[in-house]
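To start, the structure itself, in structure tokens.
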Amino acid sequence: YKVSYLYLIWYCFLPGSLAAFLIARCVMVSGKRLLWADELFTWYSASASFGGMLSSTTDTINSAPPFYFIVAWFWTALFGNSAVALRLLSTIALVVAIIIMFVVLRRTYGMRAAAVAVALALTFSDSNLLYQSSSARFHTLIIAEVALGILLYQRMMQRRPSLSLLVANAVVHASMVMTHYFGPLYSGAILGGVLLTSIFRRSNPLRPSLSIFAGWLAFLPWIPVFRIHQQMGKPSFWQAVPDAATLKNYYSHYFNGDFWLVSKWLALSAIAGVVLAAVYRWGLRRTLGWLGLIRVRELPLLLLLPGIGLI
């Protein structure tokens, strides 16, 4: 059927605005912030030869599986190894995760619910997510892989999965366990979703479950290196017991810094998205009447006022 341009604008508005904001922020931040300790480890691996990069993932320089560093090596081969190039890889990974989850939610709950859910989730998420989106490390890549795993889970539960879908699912779960040592936990959570959904729907979970197990096999050759990295994680010093002041400091980031800036942007985007949805659903004249406006040229003022109030 014919899709209107207004529908396409509404469909792409929130993910597109978030992507533009995150990419622009990464470029601006990279011009003011030098590479820090862990990012230097990424730069060291990505700037070496391919064999040198692989060797650096098996020692105690980077205590993580190698998949991110392989991706970063090919990325820098195409775009260079500058700070902004390395950090944009993390930004693109988070943008991909946002778009994938938007698609997942839209398929289940509809367009408006997906837009509102994505905006609220990002607004009230940990500010560390915003920081990691412009950091040259593997944290946003695992988020994108988990989002893709959820999308494939959704498709496998809707119909009998094809062989190509099962292979794609195995590859995604292999990338999870070979990107971050928390990958098996996220992959296991999706496996739990497969089993529970199959129980409720009285369907056979064997094929999806086996494809996840097949992905886990990629971690077996890495176990000796994992044992070396495991020794690095054992604390050899006294750790303080967290108290109320520690909890207060942790949550204080919700009211300062870049997190508050992105909250304003997300709130404004959500308001504009609701207006676009109303125009698509009811038409421009009825929407303007609902908003209490008389002239069409006053519509930009409606979108501007919330932004002024949020600043």
Between [atom1] on residue [X] and [atom2] on residue [Y], distance to nearest 0.5 Å:
{"X": "M156", "Y": "I212", "atom1": "CE", "atom2": "CD1", "value": "5.5 Å"}
{"X": "L166", "Y": "L152", "atom1": "CG", "atom2": "CG", "value": "10.0 Å"}
{"X": "I143", "Y": "T179", "atom1": "CD1", "atom2": "OG1", "value": "12.0 Å"}
{"X": "M101", "Y": "I150", "atom1": "CE", "atom2": "CD1", "value": "4.5 Å"}

Item checked: Within residues 145-169 or reaching into it, pairs that qualify as ring pair (Phe, Tyr, Trp, His ring centres under 6.0 Å) - sequence neighbours excluded -> none

Between [Y] and [X], is there a side-chain heavy-atom distance shorter than 4.5 Å?
{"X": "C26", "Y": "V29", "result": "no"}
{"X": "F41", "Y": "W36", "result": "no"}
{"X": "V194", "Y": "P208", "result": "yes"}

Notebook entry, point to check: Stepwise, does the side chain to side chain contact (heavy atoms under 4.5 Å, CB included) test hold for I142 with F182?
Noted result: CA-CA 9 Å; I142 185 66; F182 287 169; over 6 Å; no

Next item on the list: List for me each residue that meets side-chain hydrogen bond (donor to acceptor under 3.5 Å, both in side chains) alongside S198, sequence neighbours excluded, and say none if there are none.
Entry: none

Margin query: Treating S56 as the side-chain partner and M53 as the backbone partner, does any N or O pair qualify as donor plus acceptor under 3.5 Å?
Written below: yes

Notebook entry, point to check: Does Q132 reach the main-chain N or O of H139 with its side chain, forming a donor-acceptor pair under 3.5 Å?
Noted result: no

Check: If you draw a 6.0 Å radius around OH in Y181, do more than 12 non-hydrogen atoms from other residues or ligands fall strictly inside?
Finding: yes

Item checked: Within 6.0 Å of CG in L34, more than 12 heavy atoms from elsewhere -> no

Checklist line | Nearest non-hydrogen partners of I70 and F50, listed with the distance | finding: CG2-CE1, 4.4 Å

Margin query: Please give me the minimum heavy-atom distance between L151 and I100, naming the atom from each residue.
Written below: CB-CG2, 3.9 Å

Margin query: Please list all pairs meeting side chain to side chain donor-acceptor pair (under 3.5 Å) that have one or both residues in residues 70-83, counting only residues at least two apart or in different chains.
Written below: S47-N81

Margin query: Does anything in residues 200-219 form a side chain to side chain donor-acceptor pair (under 3.5 Å)? List the pairs, not counting sequence neighbours.
Written below: N169-S211, S187-W216

Check: Would R25 and F21 count as a side chain to side chain contact (heavy atoms under 4.5 Å, CB included) if you check the C-alpha gap in whole Å, the side-chain angles of each, and the deciding distance to 0.1 Å?
Finding: CA-CA 6 Å; R25 179 187 177 277; F21 176 86; 4.3 Å; yes

Next item on the list: Would you mind listing every salt bridge (charged side-chain N to carboxylate O under 4.0 Å, His left out) that reaches into residues 15-24, with sequence neighbours excluded?
Entry: none

Let me check something: do [X] and [Y] share a hydrophobic cluster, defined by ILVMFWY side-chain heavy atoms less than 4.5 Å apart, either directly or through other members?
{"X": "V27", "Y": "F79", "answer": "yes"}
{"X": "L163", "Y": "M157", "answer": "no"}
{"X": "L217", "Y": "V167", "answer": "no"}
{"X": "M28", "Y": "I23", "answer": "no"}
{"X": "L220", "Y": "V172", "answer": "yes"}

Check: side chain to side chain contact (heavy atoms under 4.5 Å, CB included) between L191 and H173: does it pass, once the steps are laid out?
Finding: CA-CA 10 Å; L191 175 61; H173 284 267; over 6 Å; no

Donor-acceptor pairs under 3.5 angstrom involving side-chain atoms of residues 88-99: please list them, not counting sequence neighbours.
{"residue": "S90", "atom": "OG", "partner": "S135", "partner atom": "O", "Å": "2.5"}
{"residue": "S90", "atom": "OG", "partner": "R137", "partner atom": "O", "Å": "3.2"}
{"residue": "T91", "atom": "OG1", "partner": "R87", "partner atom": "O", "Å": "3.3"}
{"residue": "T91", "atom": "OG1", "partner": "S133", "partner atom": "O", "Å": "2.5"}

Next item on the list: For W222 and H229, run side chain to side chain contact (heavy atoms under 4.5 Å, CB included): C-alpha distance rounded to whole Å, both residues' side-chain angles, the deciding distance at 0.1 Å, then the answer.
Entry: CA-CA 11 Å; W222 190 254; H229 291 169; 4.0 Å; yes

Check: For the ring pair (Phe, Tyr, Trp, His ring centres under 6.0 Å) test, which of F138, F69, F67 pairs with H180?
Finding: F138

